[in-house]
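Okay, so here's the structure we're looking at.
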Amino acid sequence: MSVPDGLEPVLVHHIVNTLGWQSLRPLQEAAVEPLTGGHDALLLAPTAGGKTEAACFPLLSRMTANRWTGTSVLYLCPLKALLNNLAPRLESYTSWLGRTAALWHGDTTSGARKRILAARPDILLTTPESLEAMLVSVNVDHRSFFSGLRAVVVDEVHAFAGDDRGWHVLAVLERLQRVTGRPLQRVGLSATVGNPDALLHWLQGSGAGRRPGTVVAPHLADTGQPPEGPGQEAAGASGASAVVPPGDIQLDHVGSLDNAATVISALHRGEKRLVFCESRQLVEELGEKLRARGVTTFLSHASLSLDERRRAEAAFAEARDCVIISTSTLELGIDVGDLDRVIQIDAPSSVASFLQRLGRSGRRRDTSRNCLFLALDEDGLLAAAGLLLQWSRGWVEPVTAPPEPRHIAAQQLLALCLQEGRVGEHLWQEWWNGLDFLGPSAGPVVRHLVDGGYLDRDGGMLFIGPEAERRFGHRHFMNLTAVFTAPPQFTVVQGRTEIGWTDPSLLTERIDGPRRLLLAGRSWQVTYIDWRRRRCHVEPADGGGKAKWSGTRRVGSFAVTRAERDVLLGAAPPVVLTRRANGALLRARERYLERVHPAGTLVIRDPEGHLRWWTWAGHLANATLAATLGGLAVPGQQIEDRWIRLREDVTPLAWKEATADAPDRICLPAVDGRAVRGLKFAEALPPRLAEATLSARLADTEAAATVLREPVRFFIR
């Protein structure tokens, strides 16, 4: 094995003799020089491309060469399950050098935490929420514990950067830099990003432009550009380059969940299959149907208990002829053994998500990456076909942080005051080293926190006020450490065993006969509901259970919705379409014949007399367009991906007059007060700023302007 300069010799010995590797993968070789040189970096490779080792081997070598002591490396993951999966590997790697790694998250016992605090591990695996909890805890001397910190690895960085958890990560890392008194090397790992340079710049935070940063993606250097045709993942855009043989991506139209269960139970017998669904309800219903057909079936989703998920994942990893059905919980790098098949019900939420799921298959040398799409209806078929068409074009969504994170600024200001006890009212900005959203623009947020009693001010110092104690003080301010909101759910228990959680509406809706739930793929009869403790006691039942959770519906992007229009205009994704899928597509093209046009948009009066503007622009653009149209659009309508409902008396002349300057005066969507209340920490913001924050996140101004500049044809007979 050739040894890249900079790798610790003892480490190389174990790579060869313990792991049995004859060589490093290209990513692992390419990462050594920038990481041992202290660069910030973004490491891109397909799923199972060795990213963890590409980050950890150079950092362990640097740890040894520079004699780092104490907890010198943090390894952040978005999921506790992913940390649990990684911990044994990192414990092995550190042990080769006489070092240690340890796990700290919400399920870590108090005894294990005490041992970690007493003997700091060299690598600490944790989540951002647990890291925040350590900083604000009175039981952790954070200055001492993190005094040796030198580097941070952020796994699945795209999963953070796309929502508010990313802003939380950046802000906490800046505070850690202030605690340690030194810049922290930042290493992001990702399989699917469309804008790697921008993502690295974002990850560097206050160090962007000041510290060296490197995108490490050797497979992109090999191709030099995104693929030009079908049969490949979008290498240039996504960081995934594995060739997918023709025929290994298939699209079928099955028409119902019952039919999907029949297909899954009949196909690929003797193989291990991973089925992705877009909701927990679908996971449960499909699981019940497959078990009724005698298929060995396991389930995984966020409302199953940890023990239930672990049992399912462990059994699946060891089994052969079986199916595991999952939401996105198994999309990331959790190891569930060697898979033969990936099956997708309808379409995932994004091309990036599809690439993650596709990468779960084809890991053995004798197998290839594959995915079978089973569309339950026409909408699912069009969504899948549009997504696959965009994938074949080498396009992947750019990872974009949500705009205007003012509520995260409020959370961080409160967390800092908890961490430090008192903070100078003119010095708080220094804690974030110039990070934009926690700079001067956060001044109105600070004033509101003081005026509302969330912060008290005395002698030029800020500290936690009575309103923050009242709203967030429960369980030592644990509600302040997470920036996402979990919907209220009831714990479902059989005896002393937790099965999972269910939506409260299932326990309150009127029914005839016994109340039955569907959870973990089995039916349960409710025997007792403890309303005060939010616990539901159950016993096994013979069928009849219902599953339900509140959640957001699928929201189409501009690019993918436009690709759906292309499909209706005759384009076909370069995958295998079954006879049923081809037939359903022909019927859809005939039905939508008068609602699509290659050179613009259409305003059509439907048979019911409603006037609809067929924009094919996606949810966010249509919300923006409806706001910009003002009185031309029907107020209060539910926003769709493909069309906007107009007032029935709109004429071509009125349209022309009202939209002449519209591309230059794009309006942000109005927001409902209930939606604002769903924004965590919104109560710690002035109402006007909370509404502006949410409004900016519901808009796609660029796509809206594009649509407004396109020709519009009226057919309103």
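When reading the values below, keep in mind they use all heavy atoms of this one structure, side chains included, and skip hydrogens, waters and symmetry mates.
- Of all heavy-atom pairs between Pro405 and Arg697, the closest is CA-NH2, 3.6 Å.
- Salt-bridge formation is not detected for the pair Asp252/Arg579: no Lys NZ or Arg NE/NH1/NH2 atom is positioned less than 4.0 Å from an Asp or Glu carboxylate oxygen.
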Chi angles and distances behind the salt bridge (charged side-chain N to carboxylate O under 4.0 Å, His left out) call for Arg713, Glu710: CA-CA 10 Å; Arg713 293 168 174 80; Glu710 295 174 332; over 6 Å; no
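- With hydrogens and angles disregarded, no donor-acceptor distance shorter than 3.5 Å links the side chain of Trp643 to the backbone of Arg595.
- Between atom CZ of residue Arg589 and atom CG of residue Leu593 there is a gap of 11.5 Å, rounded to the nearest 0.5 Å.
- Proximity of the aromatic rings of Trp613 and Phe714 is defined here by a centroid distance below 6.0 angstrom, and this criterion is not met.
- Between Val712 and Val603 there is a side-chain heavy-atom pair separated by less than 4.5 Å.
- Using modelled atom types and a 3.5 Å distance limit, the side chains of His610 and Arg605 yield no donor-acceptor pair.
- When each of Ile408, Val483, Leu170 is tested with Arg165 by the rule side chain to side chain contact (heavy atoms under 4.5 Å, CB included), just one qualifies, namely Val483.
- Ion pairing between Glu509 and Lys546 holds under the 4.0 Å rule for side-chain N and carboxylate O.
- If you check the side chains of Thr262 and Asn259, you find no donor sitting under 3.5 Å from an acceptor.
- Scored by the salt bridge (Lys or Arg N to Asp or Glu O under 4.0 Å) test, Asp163 finds no partners at all (sequence neighbours excluded).
- Between Phe354 and Phe373, the gap from one ring centroid to the other is short of 6.0 Å.
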Worked verdict on Val275 versus Leu286 for side-chain contact (heavy atoms from CB on, under 4.5 Å): CA-CA 10 Å; Val275 182; Leu286 181 58; 3.8 Å; yes
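- Between Pro573 and Trp391, every side-chain heavy-atom pair lies at or beyond the 4.5 Å cut-off.
- The closest side-chain donor-acceptor pair between Thr327 and Arg280, if any, does not fall under 3.5 angstrom.
- Of all non-hydrogen atoms in Ala617 and Leu625, the two that sit nearest each other are CB-CD1, 4.5 Å.
- When every heavy atom of Asp700 is checked against every heavy atom of Ala703, the shortest pair comes out as OD1-N, 3.1 Å.
- Put simply, NE2 on His448 and CG on Leu689 are 8.5 Å apart, with the number rounded to the nearest 0.5 Å.
- Side-chain contact of Asp503 with Ser505: a donor-acceptor pair under 3.5 Å is present, judged by distance alone.
- Arg515 and Thr508 make their closest contact through NH1-N, 4.0 Å (heavy atoms, listed as atom of the first residue, atom of the second, distance).
- Looking at Glu683 and Tyr454, their side chains come closer than 4.5 Å, going by heavy atoms from C-beta outward.
- Between the side chains of Gln489 and Ser303, at least one donor N or O sits under 3.5 Å from an acceptor N or O.
- In this structure, the side chain of Asn622 engages the main chain of Asp641 through a donor-acceptor pair within 3.5 Å.
- Here the closest heavy-atom approach between residue Ala384 and residue Leu251 is recorded as CB-CD1, 3.8 Å.
- Donor-acceptor pairing under 3.5 Å is recorded for the side chains of His407 and Asp164.
- Applying the ring-ring contact (aromatic ring centres under 6.0 Å, His included) definition to pairs two or more places apart or across chains, those involving residues 671-710 are Phe472-Phe681.
- Residues Arg369 and Val342 have side chains not in contact (no heavy-atom distance under 4.5 Å, counting atoms from C-beta outward).
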Working for ring pair (Phe, Tyr, Trp, His ring centres under 6.0 Å), residues Phe490 and Trp501: CA-CA 5 Å; Phe490 272 64; Trp501 299 270; over 10 Å; no
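- Listed here is the closest heavy atom pair of Ala690 and Ala682: CB-O, 4.2 Å.
- Summarising the geometry, atom CZ belonging to Arg565 is positioned 8.0 Å from atom OG1 belonging to Thr601; distances are rounded to the nearest 0.5 Å.
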Criterion ring pair (Phe, Tyr, Trp, His ring centres under 6.0 Å) on Trp616 and Tyr592, from CA distance to verdict: CA-CA 12 Å; Trp616 298 91; Tyr592 281 96; 5.7 Å; yes
CA sep, side-chain torsions, deciding dist, call: Glu278, Arg357, salt bridge (charged side-chain N to carboxylate O under 4.0 Å, His left out): CA-CA 12 Å; Glu278 298 311 294; Arg357 297 173 184 192; 2.7 Å; yes
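- Although no hydrogens or angles enter the test, the distance criterion places a donor-acceptor pair under 3.5 Å between the side chain of Gln411 and the main chain of Leu480.
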Salt bridge (charged side-chain N to carboxylate O under 4.0 Å, His left out) between Glu640 and Arg642, intermediate numbers included: CA-CA 6 Å; Glu640 303 289 340; Arg642 301 167 182 171; over 6 Å; no
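- Between Glu397 and Gln390, the closest side-chain pair of non-hydrogen atoms is not below 4.5 Å.
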Report, one line per pair, each donor and acceptor closer than 3.5 Å where one atom sits in a side chain of residues 626-636; sequence neighbours left out.
from   : atom 1 : to     : atom 2 : distance (Å)
Thr628 : OG1    : Thr624 : O      : 2.8
Thr628 : OG1    : Cys667 : N      : 3.0

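- Between the side chains of Glu156 and Ser190, not a single donor N or O lies within less than 3.5 Å of an accepting N or O.
- Aromatic pair Trp549/His301: centroids less than 6.0 angstrom apart.
- Residue Leu653 holds its CG atom at 5.0 Å from OG1 of Thr651, rounded to the nearest 0.5 Å.
- Side-chain contact between Leu282 and Leu257 is present, with heavy atoms from C-beta onward closer than 4.5 Å.
- A distance of 11.5 Å separates CD1 in Ile264 from NZ in Lys289, rounded to the nearest 0.5 Å.
- Atom CG in Asp606 sits 15.0 Å away from atom CZ in Phe715 (nearest 0.5 Å).
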